[in-house]
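As structure tokens, the structure follows; a few thoughts come after it.
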Amino acid sequence: MKLRIDKFLADMGQGSRNEIKEYIKKGLVSVNGNKVRTPGDKADTELDIVEIDGARISYAEFEYYILNKPSGVISATGDSREKTVLDLIESRRDDLFPVGRLDKDTEGLLLITNDGQLAHRLLSPRGHVDKTYFLRVDGELTDGHAKLIADGLRVDEDFTALPGKLEIIESGPASEAYLTIHEGKFHQVKRMMEACGCVVTYLKRIRMGNLSLPAELKPGEYRALTNDELLELKSF
Ligand code: URA
């Protein structure tokens, strides 16, 4: 893929377009050993050797991050009033987006990438990527509820859920459980819990496919996916 050299370098976090313009003016940027003259000069992301002051900058077409989404932040690419998950990611790429949505008050695992194909595969209903949530509810969760969920809930005319797995951790006036589901309908977990007569008070996604939320990531923290994690995700 051919890209303007200023975009190439900005995408790779080498500075703002203005900063890169300055590097070019100073004669620091080269493609295949030849000094770049203007920011609009092109470089091939696979074939060309791009250097700043002699240091090679390789181009990665896609970026993949795993974020522990904090509560209070919306799963959108931009918003004039609300803080978004992308505001938490320090990257100069302007094409990143969250893979699916978590509610504003939900925490946990959210993938951020610019790989539209992978996102599509993970989100497509046919992909059936399992998602596991830890939840706290007001209300008593019972083995009866686990059975209802295992059989596939029919909440009302409009909302049904494919069979899922409810693993109760604690049952009482307030309960805790893990819930694994295969879909991503709007407010899916909250609506499933409502159908069990419970109100979700805390919700956190801890797993998506074979990717678990790393224990060391605090709410608001993120890191790049490792190659192994990426390969496993892509094998879905
Ligand atoms: N289900 C919900 O109800 N909310 C989320 O954020 C995710 C799943």
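Each residue takes its place number in the sequence, starting with 1. Each ligand, and each atom within it, is numbered from 1 in the order the structure gives. Note: hydrogens, waters and symmetry copies are ignored here, and every other heavy atom, side chains too, is used.
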Inset, instruction - Looking only at protein heavy atoms, identify the closest one to atom 4 (N) of ligand 1 and say how far it is in Å. - result: D103 OD2, 2.7 Å

Inset, instruction - For residues R101 and L123, determine if any side-chain heavy atom of one lies less than 4.5 Å from a side-chain heavy atom of the other. - result: no

Inset, instruction - Please write down residue, atom name and distance for the protein heavy atom closest to atom 1 (N) of ligand 1. - result: V189 N, 3.0 Å

Legend entry - Element-labelled atoms of ligand 1 that are located less than 4.0 Å from some non-hydrogen atom of T106: 4 (N), 5 (C), 6 (O)

Inset, instruction - Quick one: look at L203 and ligand 1, take heavy-atom pairs under 4.0 Å, and tell me if it's side chain, backbone, both or neither. - result: side chain

Legend entry - D151/K147 salt bridge by N-O under 4.0 Å criterion: yes

Inset, instruction - Hey, can you tell me if Y65 and Y222 have their rings parallel, tilted or perpendicular (30° and 60° cut-offs)? - result: perpendicular

Legend entry - Ion pair check, D158 and R191, cut-off under 4.0 Å: no

Inset, instruction - Answer yes when D130 and K165 have at least one side-chain N-carboxylate O distance shorter than 4.0 Å, and no when they do not. - result: no

Inset, instruction - Heavy-atom contacts with Y133 under 4.0 Å: which atoms of ligand 1 show up? List them by number with element. - result: 7 (C), 8 (C)

